[in-house]
Amino acid sequence: MLRWSMGLLLAGSLGTVASMLPAQEQQPQSKAPQKRSGPYSTAAFAEVPAFEGPDLSPNGKLIAAKVAVGGTQYFSILPLNGGEPRYVALGETDLNWWRWVNDDWLVIGIGQLQPVEGQDWYVSRALGLNATTGKIVRLASREAAQDADDVIWVASDGSPRILMGSQTSIYTNEAGFWPQVDEIDVSTGRRRMVVSGREGVMSWFADGSGTVRMGIGMSLDGRNRRLLYRDDAKASFKTVDRARTHQDTLSVPAMFLKERGKAVMIADDAEGYSALYEMDLATLERGKQLFATKGYDIGGLVSDADGFDYLGVRVNENKPGVHWLNPDLEALRKNIAAKIKGGEPRIISLSRDRSVAIIQVGGADAPGGYFLYRAADDSMQFLRVNNSVIEMGRLHPVRTIRYKARDGLEVAAVLTLPRGKNRNLPLIVMPHGGPFARDTEEWDWWTQFLADRGYAVIQPNYRGSSGYGTPFTEKGQGQWGLAMQDDLNDAVSALATQDVADPKRVCMVGASYGGYAAMRAAQRDGTLYRCAVSYAGVSDLNRMLTHNSGFLGSGARQDWLKMQAPDLKSVSPVNYAGQFSIPMLLVHGKKDRVVPIAQSRSLAQRLKSAGKDMIYIEQPLADHHFTRSEDRLEFLNALEAFLAKHNPA
């Protein structure tokens, strides 16, 4: 089993290194699922997923995926004919995405912090990777600057061609700061420019034939945006739409159709829920509605192989999925569902001719696993489980409930209960990050771990969350740490009224924005909670404002953040260490590139100076997303001990 390594450099060469993995790590999980009952070890929940993002090659013979080996994730190419798997060691490099170009080549997007003029900048690159030989080809030019990985098109004719946008300068007063689009042969790295950079345009979009049709431009401060469009490669780009505030929207096509002048777009309906519509490119006006899910936003399109049509629409009601509009794929979904007893199968990836498919089977109460479906003999072949201990077992039940906030607003929330228990339980309130995000009925290692230890867990989709229409999202504006926080507290009242939760045994646990909410609860609402836990939380909103000031479009970002509360200082927990009235556990990774570790360090220092009951843990190798099993295990052990002391189940 070969392992390749890859590096990320602004200049210089990329090399490949082949080495053998330890013998005990060479076999993927392929044994039949085993039945087992809880409780499970903490280490079982700390396992990183065995399989992440599996994607079939166009001919259906290879799978590209992140694979966990010994608690570390590798990018892997897995042959389906019994050949030798190959692994790419990520090291300090982030693997951000991957995409098949043809049967032999992939393009992968990587990123890493690099010192640039005395500061650490996040630099992104795209690489070509041969799935058989392991050959790595640099796709960015040697003059590439910060961002050089924006793949906007992949050829559908079997050739190894892509279109990619990239910068050649880090200075806004130089033309190369604005990305040009090159056609690149990923097998050789040869390139030719097809669209030169345009001032203000950072994002380009192509149709299924590889013609660059659209660009989105913005001012340096991000406050003004415009839409550039052309009908074909011979025409000139013209500005066809403008947006002058962050609340204005551009009339952007979601997909160009083969019929000239036609496209589809995603826009809000009369009630503010996003839906799919026809679009006339000559007028930028939308036509008839093609698809919608009542009471929810849609999540995007699943395109076909040639990029000119869509096979289905991603939906995210109480749980995520795809509504297949293609009748053959809907028939395939029904056929596969009939083969799975008690599971929730989802089609994850398809070969070009749709004769082979990767199927995920699992649910909110089960980490599940992956199967390979072959249409030739209508068979399901087991690939691997996602968790080597829990395997295909089911743990604790999950359902969506709705409750009324104090001002009458209906809030949806995901409720997880210990199996067989539903009365007078100790409760964990777990707000999601974002805050423009949402929780759904999916496998969640945090919530299942806590339920396994005897806690009820409620995950409120408080006002400002995504997925419930624009009006619901806008209700969060100006309400960070205020009405958004009240929505979390009102979940406790709702469950106490139903006798599900003991209102005297409640803690708040969250990460990122959820970590901020936990800090805010400890500072503002200590009478309602017995303790609070923050992972990678934000404690100082003004400091985040300063942190964001160095990014392109920072003016719009700052405008947006300033609108989230009447006064950022007044809702920043770091300014009120003396008001913290319950024990606090703070955990933060030193390699967090989303929320700087200073956000937790500064609060920990102030709480310590104020003599508060606080535990602070820094994880030297942890990032924002818990990509290492060791970091997950350390966190869960600290969480379990903290809760056992302050809110025992």
Worked check of side-chain contact (heavy atoms from CB on, under 4.5 Å) between F449 and E640: CA-CA 9 Å; F449 168 75; E640 184 171 18; 3.8 Å; yes
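- Rounding to the nearest 0.5 Å gives a distance of 4.0 Å between CH2 of W100 and CG of L106.
- Ionic pairing of R628 and D631 is present here: one or more N-O contacts between side-chain nitrogen and carboxylate oxygen are shorter than 4.0 angstrom.
- In this structure, Y373 has no ring-ring contact (aromatic ring centres under 6.0 Å, His included) partners at least two apart in sequence or on a different chain.
- Side chain of D490 to main chain of K404: no donor-acceptor pair is present (N/O by atom type, distance under 3.5 Å, no hydrogens or angles).
- Summarising the geometry of A451 relative to V457, their closest heavy-atom pair is N-CG2, 4.4 Å, with the distance given to 0.1 Å.
- For the pair D487 and P460, the minimum side-chain heavy-atom distance is 4.5 Å or more.
- Between V356 and R374, the closest side-chain pair of non-hydrogen atoms falls below 4.5 Å.
- With Y122 as the aromatic partner, R593 does not meet the cation-pi criteria of under 6.0 angstrom to the ring centre and within 45 degrees of the ring axis.
- Residues L332 and R354 form no side-chain contact, since every pair of their non-hydrogen atoms from C-beta on lies 4.5 Å or further apart.
- Contact detail for D452 and P39: the closest heavy-atom pair is OD2-CA, 3.4 Å.
- Side chain to side chain, E441 and T400 meet the donor-acceptor criterion of an N or O pair below 3.5 Å.
- Without hydrogens or angle criteria, S534 side chain to Y516 main chain gives no donor-acceptor distance under 3.5 Å.
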Derivation of the side-chain contact (heavy atoms from CB on, under 4.5 Å) call for L495 and Y403: CA-CA 9 Å; L495 293 180; Y403 65 90; over 6 Å; no
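- Between D439 atom CG and L415 atom CG the span is 12.5 Å, to the nearest 0.5 Å.
- Of all heavy-atom pairs spanning A68 and P49, the tightest one is CB-O, 3.4 Å.
- When each of R438, K475, H432 is paired with S465, the side-chain hydrogen bond (donor to acceptor under 3.5 Å, both in side chains) condition holds for H432 and for no other.
- Separation of atoms CG (L383) and CG (L80) is listed at 7.0 Å; rounding is to 0.5 Å.
- The ring-ring contact (aromatic ring centres under 6.0 Å, His included) pairs that include a residue from residues 315-363 are F291-H323, where partners are two or more places apart or lie in different chains.
- The shortest heavy-atom contact between V594 and D592 is N-OD1, 2.8 Å.
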Worked check of side-chain hydrogen bond (donor to acceptor under 3.5 Å, both in side chains) between D103 and S57: CA-CA 6 Å; D103 294 334; S57 60; 5.1 Å; no
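- Side-chain atoms of N386 come within 3.5 Å of backbone N or O of A50 as a donor-acceptor pair.
- I110 has its side chain out of reach of D149: every pair of non-hydrogen atoms, C-beta onward, lies at least 4.5 Å apart.
- In this structure, the side chain of R632 engages the main chain of E47 through a donor-acceptor pair within 3.5 Å.
- Between the side chain of T440 and the backbone N or O of N318, no donor-acceptor pair lies under 3.5 Å.
- Taking 4.0 Å as the cut-off between side-chain N and carboxylate O, K339 and D378 count as a salt-bridged pair.
- A 4.5 Å side-chain heavy-atom check between L427 and V500 finds every atom pair outside the cut-off.
- Residue F635 is tested with W445, F45, Y535 for a ring pair (Phe, Tyr, Trp, His ring centres under 6.0 Å); the sole match is Y535.
- One distance of note links CG of L276 with CG of L301; it measures 5.5 Å at 0.5 Å rounding.
- Side chain of N461 to backbone of S466: no donor-acceptor contact under 3.5 angstrom is found.
- With a 4.5 Å cut-off on side-chain heavy atoms, V88 and L129 count as touching.
- The closest side-chain heavy-atom distance from D444 to T416 is not below 4.5 Å.
- Here the shortest heavy-atom pairing between Y310 and L325 reads CE1-CD1, 3.5 Å.
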Worked verdict on V414 versus M430 for side-chain contact (heavy atoms from CB on, under 4.5 Å): CA-CA 10 Å; V414 181; M430 187 180 291; over 6 Å; no
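- Taking the six-membered ring where tryptophan is involved, the planes of Y74 and Y87 are perpendicular, since the angle between them exceeds 60° and thus also 30°.
- The CZ atom of F626 lies 5.5 Å from the CD atom of Q619; values are rounded to the nearest 0.5 Å.
- No side-chain heavy atom of V322 sits under 4.5 Å from any side-chain heavy atom of R346.
- Between the side chain of R399 and the backbone N or O of L417, no donor-acceptor pair lies under 3.5 Å.
- Taken from CD in Q112 to CG in D94, the straight-line distance is 8.0 Å, to the nearest 0.5 Å.
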